[in-house]
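Values below: every heavy atom of this structure, side chains too, minus hydrogens, waters and symmetry copies. Given the structure is predicted, the values throughout are model-derived calculations rather than measurements.
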Amino acid sequence: MVQSTPPEISRRAFLHVGAAAGAGLLTGCAGPTGSPAPGSMVLALNRSLVSLDNKLNQFEAAVTVQRGVRQALTRIGPDLTPQPVLAERFELTSPTEWSVRLREGARYSDGSPVTPKDVATALEMYQKVNGSFIASFFPEWPEVVEDDARTFRLRSREPLPVLDYLMANILITPSAANQPQELQAGVGSGPYQVTQSNRGTGVYTLQADPRYWGPKPGVRTVHVRFIQEESSRVVALRSGEIDVIDTISPDSAEQLRGLPDVELTSAVGTRINQLFFNFRKPAGHPLADARVRRALTFAVDGRTLAEDVLQGTVIPAEGVVSEVLAGAVKTGRYVHDPAMAAKLLAEAGVRPGDLNLRIIWETGEFPSDTLLMEGVQQMLERVGVRCTLRQFEPGGGIAKWRQGRAGDWDLLGNGFSVPTGLAYSALQGMYGGTAEKEKTRDTYHGYVQPEVVRLLDRASQEIDAEARMAVVAEVQRAVWETWPCLWAFVPRSILAHRRRVRGLALEPTNSYDLAALRLDG
């Protein structure tokens, strides 16, 4: 269990103390030694990259690496609209059919061509894998109807007017090599080949593919490392051992700001971070009552968390999805009013001391996570709600807890990425749960609200863009009224890199195009 920070130590001071204490930890990490070799660069990730496809492993920095090896028909560009990649044509030709033509010359690193069958198999594998993050965005899986070696149709029973967005997240692999599980190695069509991989340590080496069908990447060799401690990643960046570190905390950004050889890049992201309630509670449990969930939100001082703990690097949410997503609307604000929290809890029959909430999260889910959770614990205790904190290390089994397969919990510190750039996709992924999906634990923490699903179904099938956006707005208002989160915020993603790395453009998806990078020296 994580112990609370003593009240006499300010949260900002605690951040600086923690950073200083961690500064000497580099020797215990699996980082590289010495400066990168000429023509090579080193990325240090804050979470271990356990696969080279995205069926399950979908944190943003992983996507950057995965797309260097495997590609999709389209990609979501910096303006959050689809751009062609393996597809040279992707057109809606009828309400339930898209016509797709593969790019001439698109091949895998073994020289074999990308085929319609590969696309069909990829769709099959994504829907078969249990607990797929990507699967949650699809209201229906389209069928591939092959016309010739490069042309096919994506056909659905109901209209899928945003399929060009959705297919940006289906990474294509040769049909014979694809499986309904995370792929550790294998052949891809991207600009890089995998020459070394170790899932256990999160170490990978990528080499530029000399036969790549597209523009040649500017960096010959990319080394990927997992260094869990942020302070160690910062030390390695400052010493020149590491070239890029992602998703850093405000305190680390402050340490790096102004250094002549280091550049900081930030972007307001498509991700929303949440303290999400467990919707698997049985009838009669206080958290199964929306009145109780709403009452608890008044206990949280979001301004203090945003300004003092996260030091102004986040935007307190005023809706149920990130404000940068297409179709996002403001539905309300989280208000700090402890007296109101106590009043509403009493009206719902909850007395001081009745609730003992277990709060769980995984290290690295968002910057300053431990400090934020300790602050929330103190705030809830001030309104008579006891809390127990449980922090999981990466790979420590929190996925089973999220699915309700390992143990009970009440609040989850969680982040939800939206790689499509659409508010609709965020809503479908988080709030599109049904009783049928819950049987296999493929809902978002047990969230099943039939009225919300009915609205989502309407939105998914609406061809007219303006009418679809109106329904998407209605969905967001309906979700807000269920009070799914104790508090939520949208991060300003911060990435740091050495100035020798050129062309790094951080996108709202908190990822970047690996092949676009160049090196000085």
Side-chain angles (χ1 to χ4, degrees), residues 58 80 133 136-137 139 162 165 268-280 287-300 302 305-306 314-336 361 365-366 376 402 410-434 437 443-460 462 468-493 508-510:
Q58 185 62 25
L80 297 181
F133 173 77
S136 65
F137 294 123
V162 295
Y165 287 83
V268 177
T270 63
R271 180 182 182 89
I272 188 165
N273 289 339
Q274 311 152 319
L275 298 176
F276 204 91
F277 287 109
N278 187 348
F279 275 77
R280 294 191 174 99
L287 292 186
D289 187 340
R291 296 177 303 164
V292 175
R293 297 194 297 269
R294 176 175 180 253
L296 291 172
T297 67
F298 287 98
V300 177
L305 295 176
V314 306
I315 301 169
E318 295 186 21
V320 296
V321 299
S322 168
E323 63 180 25
V324 306
L325 298 174
V329 297
K330 294 183 178 181
T331 55
R333 295 186 301 113
Y334 291 96
V335 177
H336 180 223
W361 77 99
E365 189 67 47
F366 39 81
V376 169
R402 287 173 175 150
D410 301 292
L411 281 163
L412 170 69
N414 196 56
F416 192 88
S417 302
V418 190
T420 66
L422 296 171
Y424 165 76
S425 293
L427 297 164
Q428 177 67 36
M430 289 186 284
Y431 302 110
T434 63
K437 290 180 180 179
T443 66
Y444 193 66
H445 317 312
Y447 188 96
V448 178
Q449 300 288 322
E451 174 59 19
V452 171
V453 172
R454 185 185 67 80
L455 290 170
L456 281 168
D457 287 344
R458 277 181 51 198
S460 70
E462 179 56 66
R468 183 169 63 250
M469 289 301 186
V471 181
V472 168
E474 189 177 353
V475 176
Q476 291 167 77
R477 289 188 285 268
V479 169
W480 180 265
E481 292 302 318
T482 66
W483 297 97
C485 301
L486 178 71
W487 188 58
F489 59 93
V490 176
R492 300 179 188 273
S493 305
T509 52
N510 196 19

(request) Determine the minimum heavy-atom distance between Val472 and Gly327, stating which atoms define it. (result) CG1-O, 3.9 Å

(message) I'd like to know if the side chain of Arg293 and the backbone of Leu287 have a donor-acceptor N/O pair within less than 3.5 Å.
(response) yes

(message) Could you tell me if the side chain of Gln428 sits less than 4.5 Å from the side chain of Leu422, heavy atoms only?
(response) no

(message) Please give me the minimum heavy-atom distance between Phe133 and Pro419, naming the atom from each residue.
(response) CE2-CD, 4.1 Å

(message) If you compare all heavy atoms of Val314 against all heavy atoms of Ala306, which two are closest, and at what distance to 0.1 Å?
(response) CG2-CB, 3.8 Å

(message) Could you check, using the six-membered ring where one of them is a Trp, whether Trp480 and Tyr334 have ring centers closer than 6.0 angstrom?
(response) yes

(message) Under a 3.5 Å distance rule, please check whether Thr434 uses its side chain to pair with a backbone N or O of Lys437 as donor and acceptor.
(response) yes

(request) State plainly whether the residues Glu474 and Arg477 are in salt-bridge range, i.e. N to O under 4.0 Å. (result) no

(request) Can you see which heavy atom on Val479 is nearest to which on Tyr447, and at what distance? (result) CA-OH, 3.9 Å

(request) Rounded to the nearest 0.5 Å, what's the gap from CH2 on Trp483 to CZ on Phe277? Could you check? (result) 10.0 Å

(message) Any donor-acceptor pair under 3.5 Å linking the side-chain atoms of Thr482 with those of Tyr431?
(response) no

(message) Angle between ring planes, Trp487 versus Phe489, binned at 30° and 60°: parallel, tilted or perpendicular?
(response) tilted

(request) Work out which heavy atom in Ser322 is nearest to a heavy atom in Thr270; give both atom names and the distance. (result) CB-O, 3.5 Å

(request) To the nearest 0.5 angstrom, please state how far the CG atom of Asn414 sits from the NE2 atom of His445. (result) 4.0 Å

(request) With rounding to the nearest 0.5 Å, note down the distance linking CG in Leu325 to CG in Leu427. (result) 8.5 Å

(message) In this structure, is the centre-to-centre distance between the rings of Phe276 and Phe416 below 6.0 Å?
(response) no

(message) Would you say Arg271 and Ser417 are linked by a side-chain donor-acceptor pair, where the criterion is simply a distance under 3.5 Å?
(response) yes

(request) Of all the heavy-atom pairs spanning Leu275 and Gly413, show the shortest one and how long it is. (result) CD2-CA, 4.0 Å

